[in-house]
Amino acid sequence: SGGAAGEEERALTLCQESGLEEGVAVLLERRGLYKELIQRHMQAGDPESVLAACNKWSDHDPMVWVSALHWLASLPALHHDAVQEVLKHIEQRELLPAIVVVQVLGQHPKATLSLVKGFMARAIQKDVTQIQNDSRVIQELQEATERMRAEIE
């Protein structure tokens with residue numbers, strides 16, 4: 001008894017106990033445990049495999065990019081290209097506010113402002129554009145309110 005889920009759980013346990021990494025990966029993917037899959041790549045310590053895994057599973061769980069950013073910030077070496085790749089996805093999917101990105105990367109002793117300069121510049125420009133749009137809408141609403149007041153009086 002236990003059904004298919006129970007069978008998969010037993011298979012996962014057997015694969016883990018036997019060191020059958022491919023079997024573990026297949027079963028985790030089948031169960032939609034994408035963060036756990038990414039975590040296994042992180043434990044291996046290879047940024048390229050982590051990025052490949054994020055690319056493969058981020059449509060199912062975009063937050064794997066955030067996990068990858070935190071992981072990269074925790075490594076002893078700074079993997080500039082990998083950080084840039086992760087930032088690209090975080091920006092495209094609007095997964096984190098820019099200030100949080102800076103705070104996360106600020107934990108790395110070798111991280112410099114140049115690492116996030118482009119990301120920050122685009123984030124600031126986006127905010128400026130949003131402020132301009134909001135100001136325009138406010139102005140239009142104020143003008144409409146004044147016209148209505150004039151009609152009422």
Side-chain angles (χ1 to χ4, degrees), residues 4-5 8-9 11-13 15-16 19-149:
E8 279 188 5
E9 187 65 37
L12 181 57
T13 301
C15 286
Q16 287 171 331
L20 300 171
E21 292 301 315
E22 283 189 33
V24 171
V26 167
L27 291 165
L28 288 174
E29 185 173 4
R30 188 178 293 169
R31 296 182 76 194
L33 300 172
Y34 305 107
K35 283 192 176 119
E36 287 81 351
L37 282 160
I38 301 294
Q39 197 68 37
R40 296 180 78 76
H41 287 278
M42 290 175 180
Q43 288 169 352
D46 177 24
E48 292 306 314
S49 73
V50 170
L51 293 180
C54 286
N55 274 311
K56 183 174 182 180
W57 296 306
S58 63
D59 285 343
H60 300 285
D61 184 0
M63 294 305 287
V64 296
W65 292 112
V66 174
S67 297
L69 181 68
H70 282 278
W71 176 72
L72 287 167
S74 73
L75 295 177
L78 182 62
H79 298 272
H80 190 276
D81 291 344
V83 168
Q84 292 301 320
E85 175 75 12
V86 170
L87 288 179
K88 178 181 81 173
H89 291 279
I90 287 174
E91 181 179 1
Q92 286 172 349
R93 297 167 185 248
E94 298 180 345
L95 298 175
L96 287 176
I99 189 69
V100 174
V101 169
V102 171
Q103 288 170 339
V104 169
L105 289 174
Q107 298 169 12
H108 198 288
K110 296 178 184 167
T112 62
L113 189 56
S114 66
L115 184 63
V116 293
K117 191 168 113 181
F119 176 84
M120 289 302 297
R122 289 185 299 277
I124 290 168
Q125 183 56 51
K126 184 177 172 192
D127 288 347
V128 166
T129 301
Q130 184 63 51
I131 289 168
Q132 289 170 339
N133 290 341
D134 291 348
S135 295
R136 190 177 64 252
V137 169
I138 290 168
Q139 181 66 34
E140 290 168 2
L141 290 172
Q142 287 173 336
E143 290 169 3
T145 302
E146 289 302 316
R147 283 193 303 273
M148 286 184 220
R149 277 195 185 130

Q) Checking side chain to side chain contact (heavy atoms under 4.5 Å, CB included) for the pair V100/V66: CA distance, chi angles, key distance, verdict? A) CA-CA 10 Å; V100 174; V66 174; over 6 Å; no

Q.
Looking at Q84 and L115, would you say the former's side chain and the latter's main chain have a donor-acceptor pair under 3.5 Å?
A. yes

Measuring only between side-chain heavy atoms, which start at C-beta, is I38 closer than 4.5 Å to D61? no

I'd like to know whether Q142 forms a side-chain hydrogen bond (donor to acceptor under 3.5 Å, both in side chains) with E146, so could you lay out the CA-CA distance, the side-chain angles of the two residues, the decisive distance to 0.1 Å, and finally the verdict. CA-CA 6 Å; Q142 287 173 336; E146 289 302 316; over 6 Å; no

Interatomic distance, CG@D134 vs CG@L141, rounded to 0.5 Å, equals 10.5 Å

Salt bridge (charged side-chain N to carboxylate O under 4.0 Å, His left out) pairs touching residues 98-110, sequence neighbours excluded, are none

If you look only at distance, which donor and acceptor atoms sit under 3.5 Å apart when one is on a side chain in residues 69-77 and the other is two or more places apart or in another chain?
residue: S74; atom: OG; partner: W71; partner atom: O; Å: 2.6

side-chain contact (heavy atoms from CB on, under 4.5 Å) filter on R93, not counting sequence neighbours, yields S58, D59, P62, W65, H89, L95

So CD of E140 and OG of S135: to nearest 0.5 Å the spacing works out to 11.0 Å

Residue pairs passing the side chain to side chain donor-acceptor pair (under 3.5 Å) test with at least one member in residues 113-128, sequence neighbours excluded, are E91-R122, E94-K126, T112-S114, Q125-T129

The complete set of salt bridge (charged side-chain N to carboxylate O under 4.0 Å, His left out) pairs with one or both residues in residues 62-86, sequence neighbours excluded, reads E85-K88

Here the side chain to side chain donor-acceptor pair (under 3.5 Å) pairs for residues 45-54, sequence neighbours left out, are H41-S49

